[in-house]
Number of protein chains: 2
Amino acid sequence: MKQAIDVFHEYIARNGLKVTPQRMLIVEVFMSAGGHLTTEELYERVKATDPSVGQATVYRTMKLLCDSGLAKEVHFGDGVARYEQKYGSKHHDHLICEACGENIEVLDDEIERLQEDLARRHGYVLTSHRMYLFGVCGKCRSDGKRRPPRED
Amino acid sequence: MKQAIDVFHEYIARNGLKVTPQRMLIVEVFMSAGGHLTTEELYERVKATDPSVGQATVYRTMKLLCDSGLAKEVHFGDGVARYEQKYGSKHHDHLICEACGENIEVLDDEIERLQEDLARRHGYVLTSHRMYLFGVCGKCRSDGKRRPPRED
DNA sequence: TTACCTGCAAACAGTTTGCAGGCCG
DNA sequence: CGGCCTGCAAACTGTTTGCAGGTAA
């Protein structure tokens, strides 16, 4: 099966770009991290392995990853860009706990279908959508945890 | 029936704030504009009436409007905050045309219900959500219009 | 009179970009 | 070797904040 790293190499080759140690390191860190990391978090983790890498390279490489289809930039509404893995992962929506920040990827086929219907009723053909559900998870409810409400 | 402007006055009074010409002008511009304006757009329109108003005042007043429940800050993913009217308007989601930028407010009760269900299945209690549907409207499809894809 | 407000400009945070040197292919 | 890459720092964008003077109540 084709690995994500292969997709990246193909993209690099197809566009006359180059494979560099920095790019490989960043891709590796990103692919093995999993979650929804900010550029800052990625930068920190990259520096843990190679302190000489600059922030700009992380930004530039993440843009490359997005273009190549490996990553997707998401915004939760707090003004910072986050990246999630896209290659080989199905579309999903986000369920976010406002108390602890937990972020679950969810999917409901029925909702997906109704979204298409809704758009069609207005004469639209959908190309994509974003759905963020904000709430409090069971654990935080019993802990009584709070957190300043996000800007919305 | 209670007008939006009354809500603003009450909020002002309740919090020991003051009614100023700048604030009234900004509220007026915002309430009569309707759409989903950015701070920049609001600022331009305000300046058309009173060129002496500063950007900072627009930012500060919009924050006030949000706190008072008249406005709501929304993010479509392009890094700029937009404001929509909230008072007297029901919750809704957004259907956005990627070609012409048209933005329709939509609502589907069935989807709303399923969102609650979905969250509950994961042990969450929902407090709010955001749903943006991106596509191409009927008019733009027949015109064959395009526009660079938004960052997503 | 006394807070609160305002415009201005400086400060900020996140992100982008110009540049001189470095390295992949 | 030539062109892409890199780190650095400066530039940029959207937004916030400190300050000295102005004004609503």
Side-chain angles (χ1 to χ4, degrees), chain A residues 8-27 29-30 36-44 46-47 49-68 71 73-83 148 150-152, chain B residues 5 8-27 29-30 36-44 46-47 49-68 71-83 148 150-152:
Chain A
F8 186 59
H9 277 132
E10 280 169 25
Y11 177 81
I12 291 282
R14 189 165 2 103
N15 293 79
L17 306 178
K18 294 178 180 179
V19 175
T20 68
Q22 292 93 330
R23 284 179 179 169
M24 291 319 290
L25 172 56
I26 294 168
V27 172
V29 165
F30 171 67
H36 299 88
L37 284 74
T38 62
T39 314
E40 183 65 26
E41 290 163 343
L42 283 166
Y43 177 50
E44 288 307 322
V46 165
K47 271 204 304 189
T49 299
D50 179 353
S52 74
V53 175
Q55 286 228 42
T57 302
V58 176
Y59 276 102
R60 288 189 273 230
T61 303
M62 290 318 293
K63 188 147 296 182
L64 240 49
L65 283 187
C66 289
D67 290 347
S68 73
E73 191 176 334
V74 292
H75 293 262
F76 293 164
D78 58 357
V80 241
R82 274 159 232 272
Y83 296 92
R150 107 209 87 85
E151 73 176 56
D152 186 356
Chain B
I5 203 72
F8 186 59
H9 277 131
E10 280 168 26
Y11 177 81
I12 292 281
R14 188 163 6 100
N15 292 80
L17 306 177
K18 294 176 181 181
V19 174
T20 68
Q22 293 91 331
R23 283 179 181 169
M24 291 318 291
L25 172 57
I26 293 168
V27 171
V29 165
F30 171 66
H36 299 87
L37 284 73
T38 63
T39 314
E40 184 65 25
E41 290 163 342
L42 283 166
Y43 177 51
E44 288 308 322
V46 165
K47 269 204 304 188
T49 299
D50 179 354
S52 74
V53 175
Q55 286 228 44
T57 302
V58 176
Y59 275 103
R60 288 190 272 230
T61 302
M62 289 318 293
K63 188 146 295 179
L64 240 49
L65 283 186
C66 288
D67 290 348
S68 73
K72 183 176 173 194
E73 192 175 333
V74 293
H75 294 261
F76 294 164
D78 57 359
V80 241
R82 273 159 233 273
Y83 296 93
R150 105 208 90 84
E151 73 175 56
D152 185 354

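Order of the sequence lines sets the chain letters (A, B, ...), proteins ahead of strands, with each chain counted from 1.
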Distance, rounded to the nearest Å, where [X] contributes [atom1] and [N] contributes [atom2]:
{"X": "B:Tyr43", "N": "C:dT6", "atom1": "OH", "atom2": "P", "value": "14 Å"}
{"X": "A:Met62", "N": "C:dG14", "atom1": "CE", "atom2": "C1'", "value": "15 Å"}
{"X": "A:Glu44", "N": "C:dG14", "atom1": "CD", "atom2": "P", "value": "12 Å"}
{"X": "A:Gln22", "N": "C:dC23", "atom1": "CD", "atom2": "C1'", "value": "9 Å"}
{"X": "A:Asp50", "N": "C:dG22", "atom1": "CG", "atom2": "P", "value": "17 Å"}
{"X": "A:Glu41", "N": "C:dT15", "atom1": "CD", "atom2": "P", "value": "11 Å"}
{"X": "B:Lys18", "N": "D:dT23", "atom1": "NZ", "atom2": "C1'", "value": "7 Å"}
{"X": "B:Leu25", "N": "C:dC5", "atom1": "CG", "atom2": "C1'", "value": "15 Å"}

Contact residues, residues 8-17 of chain B to DNA chain D [heavy atom, < 4.0 Å]: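 None - not one residue of the stretch has a heavy atom sitting under 4.0 Å from the strand.
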
Nucleotide-resolved protein contact map, nucleotides 12-20 of chain D, B/S/- at heavy-atom distance under 4.0 Å: --SBBBB--

Phosphate OP1/OP2 of C:dT6 contacted by B:Thr20 side-chain N/O (<4.0 Å): yes

Any B:Arg23 side-chain N or O less than 4.0 Å from OP1/OP2 of D:dA24: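 Answer is no, no contact under 4.0 Å.
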
Atom pairs and distances, side-chain donor-acceptor, residues 13-20 of chain B, under 3.5 Å, sequence neighbours left out:
unit_1  : atom_1 : unit_2  : atom_2 : d
B:Thr20 : OG1    : B:Arg23 : N      : 3.2

B:Leu64 side, atom CG; B:Phe8 side, atom CZ - distance, nearest 0.5 Å: 5.5 Å

Inter-residue atom distance A:Gln22.CD - A:Thr61.OG1, 0.5 Å rounding: 8.0 Å

Residues in side chain to side chain contact (heavy atoms under 4.5 Å, CB included) contact with A:Lys47, at least two apart in sequence or another chain: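 Only A:Tyr43, A:Glu44 meet the side chain to side chain contact (heavy atoms under 4.5 Å, CB included) criterion with A:Lys47.
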
Partner set under side chain to side chain contact (heavy atoms under 4.5 Å, CB included) for A:Tyr83, not counting sequence neighbours: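 Scan of A:Tyr83 (side chain to side chain contact (heavy atoms under 4.5 Å, CB included), adjacent residues dropped) gives A:Phe30, A:Thr39, A:Leu42, A:Met62, A:Cys66, A:Glu73.
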
Salt bridge (charged side-chain N to carboxylate O under 4.0 Å, His left out) involving B:Arg60 - partner list, sequence neighbours excluded: none

Student check: side-chain heavy atoms of A:Glu41 and A:His36 closer than 4.5 Å: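 Answer no - side chains too far apart.
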
Sugar-phosphate only, base, or nothing, as touched by A:Thr38 at under 4.0 Å among non-hydrogen atoms: nothing

